[in-house]
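We count ligands from 1, going down the list as the structure has it; atoms in each ligand are counted the same way.
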Amino acid sequence: MNEALSPLDLDFDRRHIWHPYESMRDPKPAYAVASARGVRLTLEDGRQLIDGMASWWSVIHGYNHPALNRAARRQLARMPHVMFGGLTHRPAIRLARRLTELAPGDIDRVFFSDSGSVAVEVAIKMALQYWRARGVEGRTRMLTIRGGYYGDTFQAMSVCDPVNGMHHLFSGAVSEQLFADRPRARFGEPWDPSDLDSLKDLAARHRNEIAAVILEPVVQGAGGMRFYHPEYLKGARQLCSRLRLLLIADEIATGFGRSGELFGCNHAGVVPDIMCVGKALTGGYLSLAATLARPHVAEAISAAPGAAGALMHGPTFMANPLACAIAAASIDLLVESPWRERVARVERELRKGLAPCAQLPQVADVRVLGAIGVVEMRRPVDVAETQRLLVERGVWARPFGRLIYLMPAYVMSARDLRQLCAAVCEAAALQSA
Ligand SMILES: *Cc1c(COP(=O)(O)O)cnc(C)c1O
């Protein structure tokens with residue numbers, strides 16, 4: 001069990017195991033991690049790396065946190081799993097209570113699932129069932145904005161950016177959705193109401209075909225790491241209310257403080273009809289997600305005649321008790337911590353630390369919001385080469401496309417943040433112009 005990995009094991013990995021968005025022919029190198037604690041990964045060869053990724057937005061408190069370990073051990077001793085059909089349990093009830101307390105406005109109905117993509121599928125299903133239950137036919141399309149990312153399952157993929165998403169690979173098999181232009185007004189810059197024209201225009205023209213508007217509040221994540229003006233979100237909410245469209249907010253990346261507010265929607269004081277959370281929900285321990293809804297959505301769906309009133313979803317590992325117990329402990333940890341100050345401190349350090357990059361001719365843009373720092377290059381980043389350099393400098397970041405970006409745990413010290421940013425600036429300087 002505890003034997004060290006050999007070069008043969010790594011060779012097996014290369015030959016037999018797919019990694020995310022990776023080919024099996026000559027895949028980019030994968031670094032073997034032996035353990036992780038706080039903000040540091042320890043590689044099999046003993047090297048320690050300051051982790052700038054928080055394992056894709058999720059490890060907000062750091063790895064191997066005593067409070068989360070304790071919650072996991074306690075629940076493990078009681079019941080790691082039990083089916084959720086016809087049964088219920090304390091961890092699910094406790095977590096759902098927490099989520100409904102924290103979620104904006106009157107959002108108070110919770111559907112648990114096992115990953116972010118599935119939470120988005122469930123949100124879309126809710127929107128479709130909502131209209132069917134009300135006897136309205138033909139409202140089956142989603143309206144969204146370009147540059148989005150909502151996951152890798154089919155309906156989620158259908159609303160991802162049609163160009164840099166994967167639509168061309170699956171054309172003919174993904175639903176054709178409606179895409180408004182990306183908001184131009186950036187977070188913290190002047191607002192221009194004409195930004196909403198494209199969304200308004202599509203909504204008006206296709207009003208009777210649209211089941212819901214889906215968007216990532218304020219931060220567009222894996223679709224390009226852009227931060228847009230909260231007024232856009234406010235305008236989208238008003239538009240949905242006026243045309244009686246449902247608004248789905250995908251808070252899977254933004255939830256739990258990442259952007260400086262507990263949820264992205266809070267920047268605009270907006271209450272969506274349906275909201276997805278995932279990623280940081282368990283503090284990065286286990287895969288768990290939830291789709292939350294306002295009462296009017298749940299009640300409309302449930303009012304359909306007979307069996308049609310049931311929400312037609314039920315994953316095998318729905319509300320997994322172990323994951324729910326850890327998630328409840330993670331939320332306790334978050335709300336009892338000075339997370340707002342911590343995220344603001346990370347933001348300050350990222351701003352300071354990444355500022356030198358902005359001068360480089362290879363760099364198109366540097367932007368920071370909350371505990372998210374982005375260096376956008378003019379050309380695609382050489383991922384393998386960049387990672388090699390970063391690892392040499394004792395840090396971990398995973399660039400994609402033209403982006404080198406950071407989303408550290410909120411607890412990272414100023415000193416570690418400085419080292420992280422310095423390594424990123426050095427990596428940016430070494431890219432070809
Ligand atoms: C990561 C992500 C998803 C998908 O979540 P998975 O758990 O990877 O399926 C959906 N939406 C957003 C905004 C995300 O960042």
N or O pair under 3.5 Å between Asp250 and ligand 1: yes
Test of proximity, Lys279 against ligand 1: N or O pairs below 3.5 Å: yes
Protein contact of atom 8 (O) of ligand 1 - nearest heavy atom, named by residue and atom, plus distance: Ser117 OG, 4.4 Å
For atom 5 (O) of ligand 1, closest protein heavy-atom neighbour: Gly116 CA, 3.2 Å
Is a salt bridge present between [X] and [Y], judged by a nitrogen-to-oxygen distance below 4.0 Å?
| X | Y | answer |
| --- | --- | --- |
| Asp161 | Arg182 | no |
| Arg97 | Glu101 | no |
| Arg237 | Asp273 | yes |
| Arg94 | Asp332 | yes |

Region of Trp56 that comes within reach of ligand 1 [heavy atoms, distance under 4.0 Å]: neither
Any atoms of ligand 1 less than 4.0 Å from a non-hydrogen atom of [X]? List them with their elements.
| X | answer |
| --- | --- |
| Tyr150 | 10 (C), 11 (N) |
| Ile252 | 2 (C), 3 (C), 10 (C), 11 (N), 12 (C), 14 (C) |
| Gly151 | 4 (C), 10 (C) |

Over 12 non-hydrogen atoms of neighbours within 6.0 angstrom of CZ in Arg378: yes
Throw together a table of side-chain donor-acceptor distances under 3.5 angstrom for residues 279-289, partners on residues two or more places apart or in other chains.
| from | atom 1 | to | atom 2 | distance (Å) |
| --- | --- | --- | --- | --- |
| Thr282 | OG1 | Tyr285 | N | 3.2 |
| Thr282 | OG1 | Leu286 | N | 3.1 |
| Thr282 | OG1 | Leu286 | O | 2.6 |
| Tyr285 | OH | His65 | N | 2.8 |
| Tyr285 | OH | His65 | O | 3.3 |
| Tyr285 | OH | Asn69 | OD1 | 2.5 |
| Ser287 | OG | Asp114 | O | 2.2 |

